[in-house]
Amino acid sequence: MVSTQYADGRQEKRVENYTKFWQKDLGKEGEVDNQNRVQSYTDVVNGYYDGATELYEYGWAQSFHFSRFYKGEAFAASLARHEHYLAAQMLLRPGMRVLDVGCGVGGPAREIARFADVSIVGLNNNDFQIQRARKYTKRAGLEDQVSYAKGDFMKLSEQFGENSFDAVYAIEATVHAPTWEGVYGEIMKVLKPGGVFGVYEWCMTDAWDPSIPAHKELAHAIELGNGIPEMRHLKKAREAMVNVGFTIEHEEDLAECPDEVPWYYPLEGDIWKAQTAWDYFTVWRMSWSGKLVSHTAIKVMETLNLLPKGTHDVGESLKVAADALVKGGQTKLFTPMYLAICRKPMLSEN
C-alpha cells in the first residue's frame, strides 16, 4: 500500500508503523528487535516525529529538551537557560558558523543565535519539522541568521564538506543515531581544526544494569516513547567521543545536581508543583485529566482524517515515555543531560 504523503511533509504509513518496531510486551524485547530499529533508524525517527511533533509543541514548547529548574523558575526561562549554558560552555562568539545537529523545529537554534550572535545551520531529516522551523524562524525575523537543511547526521561530511563549521552542538538528538561513533565521527569531520562540539546526551547511567530485567524494560520504554533505536550507557558516549579523536575538555551530568526541583517535574503532572502561575497549564497537560483531554481529541481528529493514522498510537507511546522518564530520573538510571564539551585537535589526523 502506498503511503499518503501530506503537503506538510508527513507520511501516514511511517506514523502508522512506528510502534511496530517494538514488541507489545516490552519484557519480550530481544537483540533482533534492537538491531532492526538500529538498521531502520531513519524510519523509526521520522515515524515518531511525524506523529509526535505537534504533541511536543502543545505539551512542551518549541525547544524539545529537558532542563534544570531553580525554585520558582518559569518553565520557558529554564529551557532558555539550559541553551544559554551550553552556548557559554562552548564559548560561542559573534560571527561563528555553527551547526545544530538534530534541530527539531528550531527553538534552541533561534535562542542561541540571539544569545551568542552566531550564524546557525539547523540540520534535520524530517520534512515536517523543517517546514515548521522555517515558519517560526521567519516569524522571529531571524532568517538571515538561522537557516535549515535536510540531511542525515550520519553523512554530514558528504553534505557540508570537511572543516566547514567553527562549532557544532546537539541537544538530546544524537541518541537517535544508530551508533555514537558514527555521528560523532561525522561531527569531527565537519568541524574546523580547533573547533568545539557541545552535546547534551541521553544516556543510561552507570547504575543501569541491562542484565536486570526491570532495568532493561525501563530502557525499552524510554526508546518506544521517544523514537530511539537503542538506549546506551553514558560511558559508551564518552568512549565514542574519545575514539573518534575528540579531546573532552569538560563533562558533567546535570541530572546529578542536587536541585530542589527535579528536571522531570513537569512530566509528573502534579499542578501543585508548578513553579509559576503560567506553568500550571504546562503541568496540567501531563496530568491524568490533561492526558485524557488531549488524547481523546487526537483520537477524534485521527478518525476525521485531520491527523495521519497512527498519531494516536504515537501519542500513547508518549504516555509510556513520561512514566519511564520520571522513573528513570527518580532511580538515577537515566539522564537526559550528560553534558560534554569536546575539542577537535588543531592538527587533525583525519
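No hydrogens, no waters, no symmetry mates; every other heavy atom, side chains included, goes into these values.
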Using atom types as modelled and distance alone, determine if a side-chain donor or acceptor of [X] lies under 3.5 Å from a backbone N or O of [Y].
{"X": "Tyr338", "Y": "Val199", "result": "no"}
{"X": "Gln145", "Y": "Ala113", "result": "yes"}
{"X": "Asp259", "Y": "Val261", "result": "no"}

Parallel, tilted or perpendicular, judged at 30° and 60°: which one describes the rings of [X] and [Y]?
{"X": "Tyr49", "Y": "Phe64", "value": "parallel"}
{"X": "His82", "Y": "Tyr200", "value": "parallel"}
{"X": "His233", "Y": "Trp208", "value": "perpendicular"}

So do the side chains of [X] and [Y] get within less than 4.5 Å of each other, counting heavy atoms only?
{"X": "Val105", "Y": "Glu57", "value": "yes"}
{"X": "Phe246", "Y": "Ile187", "value": "yes"}
{"X": "Arg343", "Y": "Pro193", "value": "no"}
{"X": "Lys332", "Y": "Glu256", "value": "yes"}
{"X": "Tyr264", "Y": "Glu268", "value": "yes"}

From [X] [atom1] over to [Y] [atom2], what is the distance, rounded to the nearest 0.5 angstrom?
{"X": "Asp117", "Y": "Leu92", "atom1": "CG", "atom2": "CG", "answer": "11.0 Å"}
{"X": "Lys327", "Y": "Thr331", "atom1": "NZ", "atom2": "OG1", "answer": "7.5 Å"}
{"X": "Glu252", "Y": "Thr335", "atom1": "CD", "atom2": "OG1", "answer": "10.5 Å"}
{"X": "Asp144", "Y": "Ser119", "atom1": "CG", "atom2": "OG", "answer": "9.0 Å"}
{"X": "Glu111", "Y": "Leu86", "atom1": "CD", "atom2": "CG", "answer": "12.0 Å"}
{"X": "Leu191", "Y": "Leu156", "atom1": "CG", "atom2": "CG", "answer": "9.5 Å"}

Worksheet, complete the sentence: Test salt bridge (charged side-chain N to carboxylate O under 4.0 Å, His left out), reference Asp166, set Lys192, Arg93, Arg97, output is Lys192
Discussion item. Show me the pairs that pass side chain to side chain donor-acceptor pair (under 3.5 Å) and involve residues 298-309, at least two apart or across chains.
Written reply: none
Would you name the heavy atoms of [X] and [Y] that are closest together and state the gap between them?
{"X": "Val175", "Y": "Arg232", "result": "O-NH1, 4.1 Å"}
{"X": "Ala149", "Y": "Gln159", "result": "CB-NE2, 3.7 Å"}
{"X": "Leu218", "Y": "Gly328", "result": "CD2-CA, 4.0 Å"}

Worksheet item: Are Val283 and Lys273 close enough, and set up right, to give a side-chain contact (heavy atoms from CB on, under 4.5 Å), and what steps lead you there?
Response: CA-CA 8 Å; Val283 177; Lys273 293 183 179 180; 5.8 Å; no
Worksheet entry | ring-ring contact (aromatic ring centres under 6.0 Å, His included) against His295, all qualifying residues, sequence neighbours excluded |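 Here no residue qualifies.
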Practice prompt. May I ask you to check whether Glu143 and Thr137 show a side-chain donor-acceptor distance below 3.5 Å?
Written response: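 Looking only at side-chain atoms, Thr137 and Glu143 do not form any donor-acceptor pair under 3.5 Å.
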Worksheet item: Just by distance, with hydrogens left out, do Thr53 and Gln129 show a side-chain donor and acceptor under 3.5 Å apart?
Response: yes
Discussion item. Would Arg285 pass as a cation-pi partner of Tyr58, given that its NZ or CZ must be under 6.0 Å from the six-membered ring centre and within 45 degrees of the axis?
Written reply: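 Geometry flag: set, cation within 6.0 Å and 45°.
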Worksheet item: Cation-pi between Arg81 and Phe69: NZ/CZ under 6.0 Å from ring centre and within 45° of the ring axis?
Response: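 Not flagged: Arg81 not positioned over aromatic ring of Phe69.
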Worksheet entry | Pairs meeting criterion ring pair (Phe, Tyr, Trp, His ring centres under 6.0 Å) with involvement of residues 142-162, two or more places apart |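 For residues 142-162, and leaving out neighbouring residues, the ring pair (Phe, Tyr, Trp, His ring centres under 6.0 Å) pairs sorted by first residue read Phe160-Phe165.
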Practice prompt. For side-chain contact (heavy atoms from CB on, under 4.5 Å), just list the numbers for Gln275 and Phe75, CA-CA rounded to whole Å, side-chain angles, deciding distance to a tenth of an Å, and then say yes or no.
Written response: CA-CA 8 Å; Gln275 297 299 296; Phe75 181 73; over 6 Å; no
Discussion item. The criterion is side chain to side chain contact (heavy atoms under 4.5 Å, CB included); which residues satisfy it with Ala297, sequence neighbours excluded?
Written reply: none
Worksheet item: Residues in side chain to side chain contact (heavy atoms under 4.5 Å, CB included) with Ala173, at least two apart?
Response: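 With sequence neighbours excluded, Ala173 shows a side chain to side chain contact (heavy atoms under 4.5 Å, CB included) to no residue whatsoever.
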Worksheet item: Which residues satisfy the side chain to side chain donor-acceptor pair (under 3.5 Å) test with Asn163, sequence neighbours excluded?
Response: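 Lys344.
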